[in-house]
Amino acid sequence: QVHLVESGGGLVQPGRSLILSCLASGFDFSQNAMAWWRQAPGKEREWVGTIQASGINLRDSVKGRFTISRDNARNRLFLIMNNLKPEDTALYYCKLPGDSFWGQGTQVTVSS
């Protein structure tokens with residue numbers, strides 16, 4: 001049974017950095033692509049990026065600022081966020097593509 005727990009969110013000033021972490025269990029983490037999604041207040045959930053064997057894909061608004069990495073030995077997924085902007089404020093989720101499970105998410109607030 002897929003289980004994902006996000007952590008690492010917080011309140012940061014614009015221009016600063018933050019690293020989110022996701023601990024995965026219940027499936028063969030190393031053999032699967034993984035994704036990050038986010039949901040801003042009053043908006044629909046949106047895809048942020050995916051890491052897979054062929055590489056990393058990111059939505060245009062975060063290219064050059066965000067990247068994704070993983071530690072397969074520890075079943076952990078990371079979202080490295082640099083030069084954060086107020087519009088990055090959202091609840092961030094990690095996701096196993098094709099599976100229905102959504103965790104609690106971790107809140108990122110970018111504000112001065």
Side-chain angles (χ1 to χ4, degrees):
Q1 184 174 351
V2 173
H3 195 63
L4 302 165
V5 179
E6 303 90 349
S7 61
L11 172 62
V12 294
Q13 294 180 329
R16 304 300 290 264
S17 300
L18 203 60
I19 299 176
L20 305 183
S21 177
C22 170
L23 179 61
S25 61
F27 63 101
D28 191 344
F29 179 77
S30 65
Q31 297 301 311
N32 281 275
M34 291 293 297
W36 284 96
W37 288 69
R38 66 185 181 185
Q39 186 167 20
K43 295 187 177 181
E44 292 193 356
R45 199 171 291 175
E46 65 181 18
W47 170 79
V48 175
T50 301
I51 184 168
Q52 52 201 352
S54 58
I56 298 168
N57 294 303
L58 298 164
R59 70 181 298 110
D60 286 347
S61 62
V62 305
K63 284 181 181 177
R65 301 188 299 120
F66 290 13
T67 192
I68 300 172
S69 68
R70 64 193 301 164
D71 182 345
N72 288 334
R74 292 175 172 80
N75 280 14
R76 281 198 178 270
L77 180 73
F78 302 98
L79 180 63
I80 299 100
M81 305 184 294
N82 298 310
N83 190 21
L84 283 159
K85 302 178 179 181
E87 51 264 41
D88 296 317
T89 294
L91 191 58
Y92 284 73
Y93 302 88
C94 63
K95 183 74 166 60
L96 173 64
D99 188 86
S100 61
F101 181 87
W102 290 94
Q104 300 267 357
T106 186
Q107 178 68 39
V108 174
T109 303
V110 185
S111 175
S112 55

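These values consider heavy atoms only, across backbone and side chains, with no hydrogens, waters or symmetry-generated copies.
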The side-chain contact (heavy atoms from CB on, under 4.5 Å) partner of Val12 among Leu84, Thr109, Thr89 is Leu84

Those residues at least two apart in sequence (or on a different chain) that pass salt bridge (charged side-chain N to carboxylate O under 4.0 Å, His left out) with Asp71 are Arg74

Residues at least two apart in sequence or cross-chain that pass side chain to side chain donor-acceptor pair (under 3.5 Å) with Asn57, listed by chain then number, are none

Donor-acceptor list for residues 95-106 side chains, cut-off 3.5 Å, not counting sequence neighbours:
from, atom 1, to, atom 2, distance (Å)
Lys95, NZ, Asp99, O, 2.0
Asp99, OD2, Phe101, N, 2.8
Thr106, OG1, Gly9, N, 2.9

To the nearest 0.5 Å, atom OH of Tyr93 lies from atom CG of Leu20 at 12.5 Å

Here the disulfide bond (SG atoms under 2.5 Å apart) pairs for residues 30-112, sequence neighbours left out, are Cys22-Cys94

One should read off an interatomic distance between Gln107 CD and Leu91 CG, to the nearest 0.5 angstrom, of 5.5 Å

Residues passing the salt bridge (charged side-chain N to carboxylate O under 4.0 Å, His left out) test with Asp28, sequence neighbours excluded, are none

Contacts of Ser25 meeting side chain to side chain contact (heavy atoms under 4.5 Å, CB included) (sequence neighbours excluded), chain-then-number -> His3

Other residues, nucleotides and ligands only: do more than 12 of their heavy atoms fall within 6.0 Å of CD on Gln1? no

Sequence neighbours excluded, the answer for side chain to side chain donor-acceptor pair (under 3.5 Å) partners of Ser69 is none

So salt bridge (Lys or Arg N to Asp or Glu O under 4.0 Å) across residues 1-21, not counting sequence neighbours, yields none

Across all chains, not counting sequence neighbours, the salt bridge (charged side-chain N to carboxylate O under 4.0 Å, His left out) partners of Lys63 are Asp60

- Task: Mind running side chain to side chain contact (heavy atoms under 4.5 Å, CB included) on Leu58 and Ile68 for me, showing each step along the way?
- Result: CA-CA 9 Å; Leu58 298 164; Ile68 300 172; 4.1 Å; yes

Does a side-chain heavy-atom distance below 4.5 Å link Phe29 with Met34?
yes

**Prompt:** So do Ser111 and Leu11 actually touch side chain to side chain, heavy atoms under 4.5 Å?
**Reply:** yes

All heavy atoms of Ala24 vs all of Leu4, minimum pair found to be CB-CD2, 3.6 Å

Would you give me the side-chain donor-acceptor pairs under 3.5 Å for residues 35-43, sequence neighbours excluded?
from, atom 1, to, atom 2, distance (Å)
Trp36, NE1, Phe78, O, 3.3
Arg38, NE, Glu46, OE2, 2.7
Arg38, NH1, Asp88, OD1, 3.0
Arg38, NH1, Tyr92, OH, 3.0
Arg38, NH2, Glu46, OE2, 3.1
Gln39, NE2, Lys43, O, 3.1

Here the disulfide bond (SG atoms under 2.5 Å apart) pairs for residues 40-72, sequence neighbours left out, are none

Here the disulfide bond (SG atoms under 2.5 Å apart) pairs for residues 29-86, sequence neighbours left out, are none

Minimal heavy-atom distance between Thr67 and Ile56, with the atoms involved, is OG1-CD1, 3.8 Å

